[in-house]
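Note sheet for the following structure.
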Amino acid sequence: MAQPEQFAQGLSIGIIMDGNGRWAKKRGLPRTAGHKKGAEVFQDITRYCNEIGVESVYFYAFSTENWSRPAEEVGAIMRLFGEYLIKAFDYEKENNRVVFLGDRTALEPRYQKLMDEIEQKTAHNTGMTLNVAVNYGGRAEIVRAARALAEKVAKGELRPEDIDEAAMCSEMYTHGQKDPDFILRPSGEKRLSNFMLWQAAYSELVEMDVLWPDFTRHDLDLAIEEFNRRTRRFGGI
């Protein structure tokens, strides 16, 4: 098998971190224990992606729909996110650029402030781009982009006929970044769950029957190998 750094260079990977609750339930633990373990895996996989030359990684951490979960679980997830925000300053030492995707206005002001500081502090780093999607929904992102373009048309800054894919991309949270080459979903589920709907138009989908808290660096190697076996035609022959 080739060394990971030989087949991961320049890749952009989307990861739906799924299965935390089921992992905990199987062990007779509260769902919050699964999220805690999942957060540890997130940090390890982030570092591994950086080590093997991945260009960018998009982690689906908390969706717009996740607010409907029990308050105790949502609170635990947000506390873990707060802990991550403090630790995230360490990623500057690894030369990572950190970007948060989603509507952060629904989060606590102290978290919003930390997110702004992290993005500003890492903005000029030249290593891997680490994207964390929090209070994110693919449909909401597309609506947000459409509204932004509509406002420009209303102000006379843009003609309706000038709205094309490039214009839409410029208003996405991911503007300026590469679309994911593949989207990985552990846990055995086979759906996007409202993740990167615009950007995933030609992404390969890789599903793995392993819950996120059990996910390892070797599993990521296997996912990348699976992607590299695919033939991408982008609508052609």
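The first residue in the sequence is number 1, and the count goes up from there.
Here the closest non-hydrogen pair linking E171 and R144 is O-NH1, 3.0 Å. In terms of heavy atoms, P213 sits closest to V41 at O-CG2, 3.4 Å. Of all heavy-atom pairs spanning L11 and F7, the tightest one is CD1-O, 3.8 Å. Taking both residues in full, the closest heavy atoms of E72 and T32 are given as O-CG2, 4.4 Å, listed atom of the first, atom of the second, then distance. The two residues V98 and E119 come nearest to each other via the heavy atoms O-CG, 3.4 Å. For N50 against E94, the heavy-atom pair with the smallest separation is ND2-O, 3.5 Å.
Under a 4.5 Å side-chain heavy-atom criterion applied to ILVMFWY residues, the cluster that includes L192 comprises I16, Y58, Y60, V99, L101, Y136, I142, L149, V153, L158, I163, M168, M172, Y173, I183, F195, M196, L197, W198, L205 as well.
With hydrogens and angles left out, the side-chain atoms of T64 and R139 include no donor and acceptor closer than 3.5 Å. Side chains of N125 and T122: a donor-acceptor N/O pair is absent below 3.5 angstrom, by distance only. Between E55 and S12, the side chains place no donor N or O within less than 3.5 Å of an acceptor N or O (distance only, hydrogens not considered).
Contact check on E204 versus R230 returns a salt bridge, with a Lys/Arg side-chain nitrogen under 4.0 Å from an Asp/Glu carboxylate oxygen. Taking a cutoff of 4.0 Å between a charged side-chain nitrogen and a carboxylate oxygen, R69 and E73 qualify as a salt bridge. A salt bridge links D214 to R27: at least one charged side-chain nitrogen sits closer than 4.0 Å to a carboxylate oxygen. Salt-bridge formation is not detected for the pair E151/K155: no Lys NZ or Arg NE/NH1/NH2 atom is positioned less than 4.0 Å from an Asp or Glu carboxylate oxygen.
Between the side chain of T174 and the backbone N or O of Q177 there is no donor-acceptor pair closer than 3.5 Å.
For F59 and F42, the ring centers are positioned less than 6.0 Å apart.
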- Query: Checking side-chain hydrogen bond (donor to acceptor under 3.5 Å, both in side chains) for the pair S203/D179: CA distance, chi angles, key distance, verdict?
  - Reply: CA-CA 8 Å; S203 301; D179 289 342; over 6 Å; no
